[in-house]
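The block underneath contains the structure these notes are about, expressed in structure tokens.
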Amino acid sequence: MADSRRSSFAANGTTSHRRRVSGLYRRGSNMSDASFMTDVEMAQEEVSSIPLTRMPVASIPISKSKSTIPPPAHSKRVKPNSKAAADRDSKSRNDELTPPPAVQVFAGPMSESVPTSVSSFAHRRQRSRADSTASFTYYDEDRDSEEGVEEDAVAEEYGEVDDEFEFEEYGYGDDENGEGDLEAGLIQSRRPSSRRKSSGYSRRSVDAPLLRRRSAESSASGDWKGGRVSQKIFILTEDLTIVVAGFKTSVAGFAVYTALCTVTLGLAWLLFRWLPRWRVKVIGTPTALGDADWVVVENQWGEFAVQDISNQTYGRSLSTVFGDEEKVVPMDYDEDDDPVIKQLRALDYRYIRFCYHPLKDKFVLANTWKDPAWTDVNALREGLDSEERDYRERVFGKNAIDLEEKSIGQLLVDEAFHPFYVFQIASLILWSLDEYYYYAACIFIISVVSIGTTLVETKATMKRLREVSRFECDVRVLRNGFWRYVESSELVPGDVYEVTDPSLTQLPCDSLLLSGDCIVNESMLTGESVPVSKFPVTDEALELLNLSASTIHPEVARHMLFSGTKIIRARRPQEEGNDEAAALAMVVRTGFNTTKGALVRSMLFPKPSGFKFYRDSFRYISVMAGIAFIGFIASFVNFVRLGLAPHLIVVRALDLITIVVPPALPATLTIGTNFALSRLKGKQIFCISPQRVNVGGKLDVICFDKTGTLTEDGLDVLGVRVAQRPNNTFSDILTEAPDVVPGASYERDPTIDYSINKGILYTMATCHSLRMIDGELLGDPLDVKMFEFTGWNYEEGEQRSGGGGDDEDDHKLSPSVARPPPGMEYDIDDDLNDTNRKPIELGVLKMFEFVSQLRRASVVVRQFGSKSGSVYVKGAPECMKDICRPESFPSDYEDLLAYYTHRGFRVIACATKTIPKLNWVKVQKMKRDEAESGLDFMGFIIFENKLKPSTTGVIDELERAGIRKVMCTGDNILTAISVARECNLIDKTAHCFVPHFEEGDSRTALSRLSWESVDNPIYKLDENTLKPLPPPAEGDASLPYDISNLRNYSVAVSGDVFRWIIDFASEKVLREMLVCGQVFARMSPDEKHELVEKLQSIDYCCGFCGDGANDCGALKAADVGISLSEAEASVAAPFTSRVFDISCVPEVIREGRAALVTSFSCFKYMSLYSAIQFTSVSFLYASASNLGDFQFLFIDLLLILPIAIFMGWSGPYPTLSRKRPTASLVSRKVLTPLLGQIAICILIQAIGFQYVQRQPWFVPPVVDKNKSNSHNSENTTLFLVSCYQYILSAVVLSVGPPFRQSMGQNLPFVITMVVTLLVATYMLFDPAHWLYKLMDLTKMDMGFKLFILVLAAGGFTISYTAEKYLLPRLASGIGRFTVWLRPQWRKKRKEYKVVLESMSS
């Protein structure tokens, strides 16, 4: 059946479908034009309408059978109602909307003192999507017959191709060379059989398929009745995989649930609250998604949510919800292709709306909808009527980023019923029953203060987030053909509103500019406070509009007004004859579907970033709880033997559990982190994700952006090198504008043709995108510097962009004009006696904006009074050879370019041509290709980009610490290498190899790379091993004086090669490139993001530091992202530095290491404290004794609390060491010393316990069946000995260099140690009578007191020696022995270390 459906669509796929898919194929790869299958189309929906980019033919299993195909299963199941049209018309226009479904209410950031469930502590699980499938509780893979093919298609596109996966079972075989003939008439696809499909948006690890593969048999496991009960959705824009499972509430199950809660007096309710999966099992009945009342949503991180499904009366066609492309391809349907949806079923998860698709029997992302009528710009201006607006609001919701807040009561319940506080409450009740009133009261007060503080902080954070995200204003909208003011929350896709409204300062939604022009500040999105010009949308751009893509197409972005961006200036259309009085825009996305909504969502629902340390700590606690249970049983038996009262037996035995699992433990785990955060804040480094602080201590590699991060923000013009005619050689560097075009004839060299010099100066004066705002020129910093170099004046006109070469009507506009400075108004080449002599005024008649793919910009300019015009072009030198006449290039073009780029200068090339008899109509009809062809090269503009003062020092510090550094930039590769050498990021004395295509290009699977040294091309790397090859004997092996080292070579990779290696190269070469690549140049924002994820996939703990300009994706993907931007876009990064250099990087690493070590120290100390107290109480329980109320109070509040707090006070060690702290709590390095310390403490207490019983003054415990007796010599001895153990253990476990400052520099800790030791010694030798009574102490002779002191000192000496010297060696020995005993227990090495070893062998 599955094979049949495939063949059916292969035969029937539509041309438009092919065009839509192939048109988005990145870099125009060798994707076949073969039709896709129905199920591939469905897979597109399954990944939330993501464009199926880069899916090769070889990844599409096609059946060889050409038999007639039965209709798909779901076509038989769905029968559209024949009365649909009549029903639609009969619906009331003002249907009451049902209440919105329960959304995930934001409860503010989690209290740092109370870590939540295990799922939030799993840091960057490197689980493949296949593995995550197994973790989904509610996903039935075998039953979901249709899902299989979809997932295979998604896996092909968004995951990685498993080399073992065979296509033969689909009737298609890959031969050895990857060539295969699909069917007659289909294009062959040539590719290596192991090609991985990792698109620019793949976000997958190097070796992880996105979804579990299944064979054809499991994919076609039958058309089971009743519809699917679960589905899997991959949401590309969120990088999130979720499973949605449908349920109805079972009457019987709910009755059982209610009975259990009632009978257990609410304990069952509490248990089900902590374990929601159990609750679902009890009250839920699995139901088809089409009939379910509520769903369970589970993501790949194990996070779990129960959401209601909303039902609204709708009565309109399918395409109004799912778009024109959602209309069913004509296959075998009996009814209309666009049936009516009578009831609209919607699901909101994390503020993302999914609508139920009745034909596909699944939920589909609703924010990708594009109106089929959005094809003609003129038609868009008509706006909507009220009825249409109401229907669209039902589908898309209100245009408001409104966070649902929990009330104080809800927050209080959530906090109070957290497992930690429930344990506290149970402990308080237990202590009260045991008459420990003082202790219980103190702990109660502390808990109340803690909960209150958390509530206040949470409410304040929620308020701040709501203020940042919520924006409302009045907007002038065209509704029912009339203009009216409405609240911005009432906007829906398709609404037309006025942008030039003076009261509109910030854009309320994502919109397309229809008329007029607009300048906006998009710093919220990009981090750059550079004004961006927006131009009216064209029909061509409308075709490229794809709201399901993770990024907006660059051509569309020029016309897109993004929600939350600030309007600097908006102007009505300036053309004569255009009577529109306002600039208009049309809404395309609203609310949380906008770009701002996605940013807010990333703040609310960050990827789980907890360290596994927390997970391991709770595992350890569970082990300790097991030990406590054993103690509970032993104590219970002993107390029964002693004949104690039943209530005392229960209370005493339960008390052991509160001792072994200390209530203060969760709070102490975050002490180090909180101190680190406060220190970072003092250094102007702010953190929005505190759990990432610990991660900073484990960084292996740091990626740096170049411009604005390693180098200064601005570029200064070093000078101009002009291509002089007629010699066609470059001039010397001209560092001032008067040097380029001298103002007097006697200053000019008569042998030089200055027309070229004038052309390059005119290019600098006119070819830019600067805008005059309040008398100040704003725009790209490079353009600003370039224009300032000329010294000219600029007057902005009223014009429209060329928009890539669109036809425009003949309108007389006022062009932008550039004029020379005073004294230079006239061209001295003009005849001085000419009465018609006119001053120089360069009018910009048309502008072709900078396009990143073309890497150039151009203008059409005419001198005032002249009949001819000129085209001036500036752009990357590499693109000039395509558009300039070859004879116009000087012979040393490449040499001079290499000279400057090797030295780190930014080079911009200029070109021109003259157009005789230029008129306005001709200009406006001129296409970009026509303007930018047949040009004459004029010369280079050289920009200087200086390193920031701190850059080299920080790079050297990271080098000494053994932390790898990588540069990731969009700049030229030679410039990047030069800057990397200048700042010591790569070895100045070693070769740097750059790959280039020897055969083919980045779009060709069978291309070949040649890895050549930038300093001498005869030095090369082996293309398979990336190891240096010996230079040929006949070659000239001369090298620059400072380049002689082949051992420490580095690799620099450009973006197109990076893309080819990821898409087509072998796994081995990919990993080798990732390991030895130091410079990645010409990288797009998506490629930066992908580089970070690829590094993570080979077990690097990766950091990224950038200025936020176009690094948001990489900053978000990195384990530790540090933004140097104060803009709101920095929410994409956990850390933001307001000191705009990379000195923040070692600070974050130092604090991370200190926090990590502090967390381990505090945890070990709290564990040891529990063990010491457990030992004391266990010894005393043998004779029905116990510690007294005030003894417990003194230990917990006056000893443990201040010691645990001030242990974490130590700052980081100033020098970064090559050694990294361990991050695994359950490792031998941690557990062996901890268990050793516990054994020593038990031994010391046992000695004291035995020795006191032999003293003549010994006061034995008296067994009271109704009360514990704490007034005895055993109690006094163990209490005093344990006090010394609590204090001195902190000294033993307080870690100093190389990660933290030495203990002596932690003044509060030293003072605490001295004070507590003095108090303990005072109680031992000469306590006051009131203290003697309060602490239930008994008399002892001086000899025994000295014995206790010596015993404590001896125990400290043994513990300190063992911790520093013996126990670490024992841990290593145990490790070697276990590996020898069980080789399979050997610790798995990190992938990148394995690759490095294989390359060095």
Side-chain angles (χ1 to χ4, degrees), residues 24 49 51 323-325 367-384 388-389 392 396 399 475-479 483 486 488 490-501 504 506-522 524-526 532-573 575 578 580 582-591 593-598 800-804 806 808 849 851:
L24 291 164
S49 300
D324 194 34
E325 292 175 359
N367 66 1
T368 60
W369 179 83
K370 176 183 173 183
D371 194 327
W374 291 353
T375 55
D376 178 22
V377 173
N378 292 325
L380 300 183
R381 303 186 183 198
E382 297 173 2
L384 302 176
E388 182 67 24
R389 191 216 76 85
R392 290 191 182 184
F396 304 109
N399 177 38
V475 182
R476 194 161 174 260
V477 176
L478 182 61
R479 189 71 54 72
W483 288 97
V486 301
S488 59
E490 294 184 21
L491 294 175
V492 296
D495 263 331
V496 172
Y497 68 96
E498 181 185 339
V499 183
T500 41
D501 187 343
L504 191 64
Q506 184 174 319
L507 291 161
C509 53
D510 284 357
S511 324
L512 283 172
L513 188 62
L514 300 180
S515 65
D517 63 78
C518 197
I519 299 174
V520 295
N521 184 335
E522 294 183 347
M524 188 202 76
L525 306 178
T526 64
V532 181
S533 296
K534 301 293 182 177
F535 304 100
V537 70
T538 61
D539 290 345
E540 290 80 0
L542 271 180
E543 281 190 22
L544 295 172
L545 178 64
N546 180 11
L547 299 178
S548 62
S550 63
T551 54
I552 297 293
H553 192 286
E555 276 301 308
V556 179
R558 298 172 62 245
H559 316 291
M560 182 74 84
L561 304 172
F562 294 102
S563 174
T565 56
K566 292 180 172 57
I567 300 174
I568 297 176
R569 187 188 74 191
R571 298 191 306 183
R572 61 177 288 275
E575 301 95 332
N578 188 334
E580 275 189 305
L584 305 181
M586 184 193 72
V587 180
V588 292
R589 292 191 297 206
T590 58
N593 296 333
T594 62
T595 315
K596 181 183 178 182
R800 288 189 58 174
S801 160
D806 306 312
E808 295 183 16
E849 295 275 335
V851 176

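For the atom pair CG of N399 and CG of N593, the computed distance is 9.5 Å after rounding to the nearest 0.5 Å. Residue C509 holds its SG atom at 10.0 Å from CE of M586, rounded to the nearest 0.5 Å. Separation of atoms CD (Q506) and OG1 (T565) is listed at 7.5 Å; rounding is to 0.5 Å. Distance check, rounded to the nearest 0.5 Å: CG of D371 to CG of L547 gives 11.0 Å.
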Pair L542-L380, side-chain contact (heavy atoms from CB on, under 4.5 Å): steps then yes or no
CA-CA 11 Å; L542 271 180; L380 300 183; 3.7 Å; yes
CA sep, side-chain torsions, deciding dist, call: D510, K596, side-chain contact (heavy atoms from CB on, under 4.5 Å)
CA-CA 9 Å; D510 284 357; K596 181 183 178 182; over 6 Å; no
Begin from the C-alpha positions of M560 and V588 and carry the test side-chain contact (heavy atoms from CB on, under 4.5 Å) through to its verdict.
CA-CA 9 Å; M560 182 74 84; V588 292; 3.9 Å; yes
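Formation of a donor-acceptor pair under 3.5 Å by the K566 side chain with backbone atoms of L507 is not found in this model. Looking at D376, its side chain never comes within 3.5 Å of a backbone N or O of D539 through a donor-acceptor pair. Formation of a donor-acceptor pair under 3.5 Å by the R392 side chain with backbone atoms of D495 is not found in this model. D517 places no side-chain N or O within donor-acceptor distance of the main-chain N or O of F535, the cut-off being under 3.5 Å.
Listed by chain and number, the residues in a ring pair (Phe, Tyr, Trp, His ring centres under 6.0 Å) with F396 are W369 (sequence neighbours excluded). Every side chain to side chain contact (heavy atoms under 4.5 Å, CB included) that T500 has, sequence neighbours left out, goes to E498, A570, A582, A583.
When side chains are defined from C-beta on, H559 does not count as touching L545, because their heavy atoms never get closer than 4.5 Å. In this structure the side chain of R571 never reaches within 4.5 angstrom of the side chain of I519, judged on heavy atoms. Counting only heavy atoms from C-beta outward, the side chains of P508 and V475 approach each other to under 4.5 Å. The shortest side-chain heavy-atom distance between L512 and W374 does not fall under the 4.5 Å cut-off.
Shown here for V556 and A541, the closest heavy-atom pair between the two residues is CG2-O, 3.5 Å. Contact detail for L544 and E555: the closest heavy-atom pair is CD1-CB, 3.9 Å. Closest approach of G516 and P536 over heavy atoms only: O-CG, 3.0 Å. Contact between T590 and V587 at its shortest, heavy atoms only, is CG2-CG1, 3.5 Å. Considering every non-hydrogen atom in both R558 and E849, the closest pair reads NH2-CG, 3.5 Å.
Remark: of the listed residues L584, V499, V520, V537, V499 is the sole one forming a side-chain contact (heavy atoms from CB on, under 4.5 Å) with L513.
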